[in-house]
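In what follows, a structure is listed as structure tokens, so that the remarks can point back to it.
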Amino acid sequence: MNFRILSKLLGVLTILIGTFMLFSLIWADPNIGSHTDAAVKATQLESKGIWALVYSALICWVLGGAMVQYGRSAGNAKIYRKEAMAIVGLSWVLASVLGAMPYIFSGTIRGPSIRVFHEPDTVVVASSRWRVWETWRETDQWKDNGDQDPASLNNAENLIVLKTLANATARGLSTRELIEATGLSDAPAIFSRLKQKSLWNEWLIGPGEESAAPADRATHYRLKWVKMGLIDSLFESQSGFSTTGATVICDLEDPHLVPHCILFWRASTHFLGGLGIIVLFVVLLGQGSAGKALMRTEMPGPTYESSRARMQHTAWRFAGMYVLLNIILALILFFLGMSPFDSICHAFATMATGGFSTYNDSLGHFFHQGLNGRAIEYVVILFMTLAGANFLLLFPILRLKTKQLFFDLEFRTYLAIIAFATVLVVVFGMRAGNADFQPFETAFRNSLFQVVSIITTTGYGTADFDQWNQLGRGLLLLLMFVGGCAGSTGGGMKVIRHILFFKILRIEVEGSFQPKEVRLLKLGGKATEDQTLRHSILVYFGLIIALFAFGFLFVVAFESDLTWGTNPQNKLIDSASAVASTLNNIGPGLGVIGSTENYANFSVPSKSLFIWLMMLGRLEVFPILVLFAPRFWHDQ
């Protein structure tokens with residue numbers, strides 16, 4: 001293993017990532033970086049976000065420069081397959097670490113510090129002893145001293161106040177709002193009574209107690225929200241780069257919790273991850289024969305050999321089409337009423353099939369608020385579908401040649417799956433009488449949007465599909481294992497692999513009763529030239545099943561039932577959907593990670609597992625797994 005060439009190339013990538021961070025700085029100006037429609041608006045320059053990005057960029061440049069300097073003696077040494085796999089795998093690990101720095105340095109806020117459950121009455125708080133290992137722990141300090149009966153008047157009032165504050169935003173409630181929300185005229189006195197306990201003195205903030213509080217909440221009763229720790233930041237970073245779109249941030253619309261410039265960096269990780277860190281590297285720097293090895297290792301889906309010049313050309317075509325579609329979509333969304341900030345962020349998230357939105361309700365926010373949402377959803381459906389297609393087949397469309405695209409077996413199968421799944425979801429949804437399926441246009445739009453969002457692994461939400469009928473929920477869960485086309489920005493197992501898998505099954509079944517007949521694996525009527533393709537497809541399916549089984553058992557075994565509150569009976573299906581969602585780079589799942597929820601409540605061990613699953617899914621397992629093989633690092 002040539003460690004100096006590894007250091008040199010990874011150093012260059014580190015410098016590139018640091019440079020991209022600076023493009024987010026402009027959005028720290030409240031006159032430029034603003035939501036289309038937000039309850040809380042920034043009124044001054046986001047200094048915390050600015051310094052966080054500057055510090056992070058400086059660290060990237062210093063670290064990258066040192067790595068390049070160490071690798072200078074490598075010169076133009078040839079990169080073999082082992083070095084290519086190491087560079088690709090390590091680049092994504094490194095990107096996750098570097099991308100996490102802006103969240104940490106800016107003090108980005110994750111979510112509320114307490115959760116309150118009923119039946120039985122339970123209060124859990126975020127542990128603050130070891131901030132890196134935050135998780136939930138149950139407490140009885142909401143009960144009055146000497147009165148442990150949850151049903152007593154004082155304890156019931158304590159619970160009402162805590163639950164009201166837990167369900168409020170970080171802005172908290174004024175005295176009048178607290179009294180109205182709780183229905184208790186002495187709610188402020190109850191708040192003061194709770195503050196006398198050591199635990200609540202840490203987590204409850206009364207009027208005027210925090211001198212540095214923003215003006216819109218300085219005189220309010222509120223909870224102290226929890227900052228993102230190391231694992232939270234790594235999770236958010238990897239979710240962005242892997243285009244998963246899973247998040248641990250509970251309120252995206254409050255710039256005092258998440259500055260606009262940090263939100264833009266969050267969207268930028270989608271842009272970089274969708275393009276592919278290595279594809280960007282090859283486009284900008286070429287790297288000669290190394291580019292071929294690197295591209296072959298990172299590009300998703302089954303690949304075929306090609307010349308060095310063709311691989312360089314492929315990188316340029318892929319990047320060009322990707323950037324062009326981002327620009328077109330951003331302009332369309334802007335003319336449909338989105339602010340420049342929202343239109344660019346959602347364009348990045350759509351074309352990368354990532355799903356990071358700038359609103360808590362995802363794209364559903366625009367429909368719910370009457371902001372031209374219907375037109376926005378149909379436009380995003382079209383571009384999500386394009387993002388899930390093979391980008392190299394989209395290129396001839398610019399020359400008005402669509403024949404190659406629609407003659408492609410994988411693309412036709414991809415469209416057929418979308419159509420079939422949408423029809424099933426509409427029919428069974430309308431039969432079940434779900435609210436999201438009346439009238440027909442709403443049923444069609446919601447069904448098509450969620451089917452396309454899941455199969456392309458974008459993960460946007462416009463409806464709470466976790467409340468749909470069982471067949472609709474189950475079908476969306478299965479679609480998580482399909483994914484987009486090879487050569488797209490989508491994650492998942494890829495449509496072409498499923499086509500080949502069923503062809504292999506047919507060959508094996510027919511071979512069981514006609515063993516002497518030679519059967520070739522054909523694709524598009526032609527026998528495949530790669531003799532190892534059958535073996536690699538079966539191995540890949542086996543690895544995905546093994547990783548899913550391991551992840552599922554890990555979450556079930558080690559995740560606390562407190563994550564599910566009063567519904568621990570949903571632990572099995574929710575754990576399965578969380579593992580499937582992160583492994584296939586989807587984002588949302590079922591239950592506690594449904595389209596209206598997030599991953600904030602999971603413990604650190606589970607979040608750490610999800611980080612690796614997202615990376616394994618994005619790089620299709622092997623470039624990450626080999627990093628843990630001791631023999632991989634030995635010289636030839």
Side-chain angles (χ1 to χ4, degrees), residues 235-236 238-248 269-270 273-274 300-301 349-357 362-364 380-381 384-385 387-388 414 417-418 421-422 425 446-466 468 472-485 488-495 497-498 544-545 547-548 551-552 555 573-600 602 606-607 609-621:
F235 181 97
E236 201 76 13
Q238 178 53 225
S239 180
F241 281 115
S242 64
T243 70
T244 302
T247 186
V248 297
T269 59
H270 267 348
T350 302
M351 293 316 305
T353 63
F356 273 159
S357 178
S362 190
L363 273 180
V380 171
I381 287 172
M384 284 193 296
T385 305
Y414 167 64
I417 294 173
I418 291 174
T422 301
V425 173
N446 285 336
S447 300
L448 179 61
F449 189 97
Q450 293 307 153
V451 166
V452 173
S453 179
I454 296 298
I455 194 174
T456 61
T457 72
T458 307
Y460 277 140
T462 56
D464 186 5
F465 56 79
D466 195 45
W468 291 0
R473 296 170 73 237
L475 191 59
L476 292 179
L477 182 62
L478 289 178
L479 287 176
M480 291 182 183
F481 288 93
V482 178
C485 300
S488 70
T489 61
M493 299 175 72
K494 303 294 181 298
V495 173
R497 281 201 180 93
H498 287 277
I544 293 297
I545 293 172
L547 287 170
F548 173 76
F552 170 68
V555 175
I573 185 64
D574 290 1
S575 298
S577 73
V579 172
S581 181
T582 49
L583 179 60
N584 293 298
N585 307 130
I586 309 294
L590 303 177
V592 294
I593 56 161
S595 61
T596 60
E597 304 293 337
N598 56 55
Y599 288 75
F602 277 96
S606 293
K607 288 176 186 172
L609 170 71
F610 296 150
I611 290 170
W612 286 106
L613 289 179
M614 288 187 282
M615 208 179 309
L616 284 163
R618 177 60 178 84
L619 294 182
E620 303 196 331
V621 183

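Note that these values count all heavy atoms, side chains included, but never hydrogens, waters or copies made by symmetry. Source: prediction; values computed, not measured.
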Any donor and acceptor pair, going by atom type alone, linking the side chain of [X] with main-chain N or O of [Y] inside 3.5 Å?
X	Y	answer
Tyr414	Gly483	no
Asn585	Arg618	yes
Glu597	Gly591	no
Thr458	Gly354	no
Thr456	Thr353	no

What is the ring orientation for Phe552 with Phe548, classed by angle as parallel under 30°, tilted 30 to 60°, or perpendicular over 60°?
parallel

If I take atom [atom1] from residue [X] and atom [atom2] from residue [Y], how far apart are they, to the nearest 0.5 angstrom?
X	Y	atom1	atom2	answer
Met615	Thr244	CE	OG1	10.0 Å
Ile455	Ile417	CD1	CD1	5.0 Å
Met614	Asn584	CE	CG	12.5 Å
Thr489	Met384	OG1	CE	11.5 Å
Asn446	Asp464	CG	CG	11.0 Å
Leu476	Ser577	CG	OG	11.0 Å

What is the minimum heavy-atom distance between [X] and [Y], and which atoms define it?
X	Y	value
Ala387	Ser488	O-CB, 3.2 Å
Ser581	Pro588	OG-O, 3.0 Å
Arg497	Met493	NH1-O, 3.2 Å

Check: Phe602 ring centre within less than 6.0 Å of Phe235 ring centre:
no

Testing Val482, Leu479, Ile586 one by one against Thr457 for a side chain to side chain contact (heavy atoms under 4.5 Å, CB included), which residue passes?
Ile586

Answer yes or no: is there a side-chain heavy-atom contact under 4.5 Å between [X] and [Y]?
X	Y	answer
Thr596	Asp466	no
Leu477	Met480	yes
Leu590	Phe465	yes
Asn598	Val248	no
Phe356	Ser239	yes
Ile418	Leu448	yes

Output, in order, the C-alpha distance, side-chain angles, deciding distance and verdict of side-chain contact (heavy atoms from CB on, under 4.5 Å) for Leu609 and Val555.
CA-CA 9 Å; Leu609 170 71; Val555 175; 3.8 Å; yes

May I have the step-by-step check of side-chain contact (heavy atoms from CB on, under 4.5 Å) for Gln450 and Val425, ending in yes or no?
CA-CA 10 Å; Gln450 293 307 153; Val425 173; over 6 Å; no

For a quick check under 3.5 Å, do Tyr460 and Thr350 share a side-chain donor-acceptor pair by atom type?
yes

